[in-house]
Amino acid sequence: MAEKGRRGALVVVEGLDRAGKSSQCELLYRSLLALNYKTKYIRFPEKDRSTPIGKQIDSYLRGQSQLDDHSIHLLFSANRWEVAQSIQDDIADGVTVIVDRYSYSGAVYSASKGNPNLSLHWAWQPEVGLPRPDLCLFLSISPEDAAKRGGYGVERYETDCMQRRVRDLFLSLLDLPHNDEICVIDAGRPVDEVAQDILEPVLECMKNVDSIGPLKK
Ligand code: DGP
Ligand code: NA
Ligand code: NA
């Protein structure tokens, strides 16, 4: 049970397509509820993709519209900014917010397109100032294993070549000193083992939250 007055934690789950993020977020959400923590589970792009920006993103991901690489990047980022204040409010209220994809996906997917004018550095800038996660769990899986899981190949980024670049860039984020909140989880194992590996650092992180800061340059 959360102590009175303590804020909730901001916990982000990242990884390749088909790494099992959504299932693990759901399991984590249920475990925290069962332990009587106030908890919320959201995802980016937003689940129903129902805001005007969400609709544009959805249409783009389904291949139904074309957009300049920078333009779609800024829309993904704007979708996070739309929700930033409500995340801050929930956390201040003692709610632990679990987020399925966040700025790390944002920067890495866009920078993986191979557009010479869209570097990882450029892609990170619109994320600067968003609420900084207390913990980011990177579900690590090989592109081969991800491709074996169901439903692969439906959306725009779900190609082997793209997923390899995404994985390499995710791993390069780990080397940046200001991203020390990232924790790598081996997601190639059975679901319940992965869930256990996730729950432990999350509970630890929830005990130690202090003031929430912004994502840094
Ligand atoms: P999901 O439903 O979580 O599998 O995400 C849909 C796809 O959108 C997935 O291939 C990853 C990609 N994606 C998610 N967030 C971002 C973002 O901020 N920027 C870009 N370029 N792609 C993103
Ligand atoms: Na996906
Ligand atoms: Na997902």
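All figures in this text were calculated on a predicted structure; none of them were measured in a lab. One-based numbering along the sequence shown. Atoms within each ligand, like the ligands themselves, are counted from 1 in listed order.
- For ligand 1, the polar-atom distance check against Arg43 finds a nitrogen or oxygen pair separated by under 3.5 Å.
- Proximity of a side-chain donor or acceptor of Ser59 to a complementary backbone N or O of Lys55 within less than 3.5 Å is not detected.
- Counting heavy atoms under 4.0 Å from ligand 1, residue His73 does not touch it at all.
- Counting heavy atoms under 4.0 Å from ligand 1, residue Gln163 does not touch it at all.
- Those atoms of ligand 1 that come under 4.0 Å of a heavy atom in Arg49, given as number and element, are 2 (O), 6 (C).
- Around NZ of Lys40, the count of heavy atoms belonging to other residues, nucleotides or ligands within 6.0 Å does not exceed 12.
- Considering only non-hydrogen atoms, atom 11 (C) of ligand 1 lies nearest to Tyr109 out of Tyr102, Tyr109, Tyr60.
- In this structure a side-chain-to-backbone donor-acceptor pair under 3.5 Å is missing from Arg6 to Gly94.
- Between Tyr104, Phe44, Phe76, it is Phe76 that holds the heavy atom closest to atom 23 (C) of ligand 1.
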* **Verdict with reasoning, Asp160 to Gln163, per side-chain hydrogen bond (donor to acceptor under 3.5 Å, both in side chains)** => CA-CA 5 Å; Asp160 198 49; Gln163 298 291 322; over 6 Å; no

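- A side chain to side chain contact (heavy atoms under 4.5 Å, CB included) with Leu10 is found for one member of Val209, Val97, Leu130 and no other, namely Val97.
- Considering CD of Gln56 and CZ of Phe76, their distance stands at 11.5 Å, rounded to 0.5 Å.
- Near Tyr157, the atoms of ligand 1 lying under 4.0 angstrom from a non-hydrogen atom of the residue are 10 (O), 12 (C), 21 (N), 22 (N).
- Partners of Trp81 by ring-ring contact (aromatic ring centres under 6.0 Å, His included), not counting sequence neighbours: none found.
- In terms of polar-atom proximity, defined here as any N/O pair under 3.5 Å, Asp17 does make such a contact with ligand 1.
- Residue-level proximity to ligand 1 for Glu158 is absent, since no heavy atom of it falls below 4.0 angstrom.
- Panel note: side chain Arg101, backbone Gly15; a donor-acceptor pair is recorded below 3.5 Å.
- Between the side chain of Asp68 and the backbone N or O of His70, at least one donor-acceptor pair lies under 3.5 Å.
- Under the 4.0 angstrom criterion for non-hydrogen atoms, Arg18 is not in contact with ligand 1.
- Between Ser110 and ligand 1, at least one pair of N/O atoms sits closer than 3.5 Å.
- Remark: distances from the non-hydrogen atoms of Arg156 to ligand 1 are all 4.0 Å or more.
- For Glu155, every heavy-atom contact with ligand 1 shorter than 4.0 Å involves the side chain, none the backbone.
- With a 4.0 Å cut-off on non-hydrogen atoms, Asn79 does not touch ligand 1 at all.
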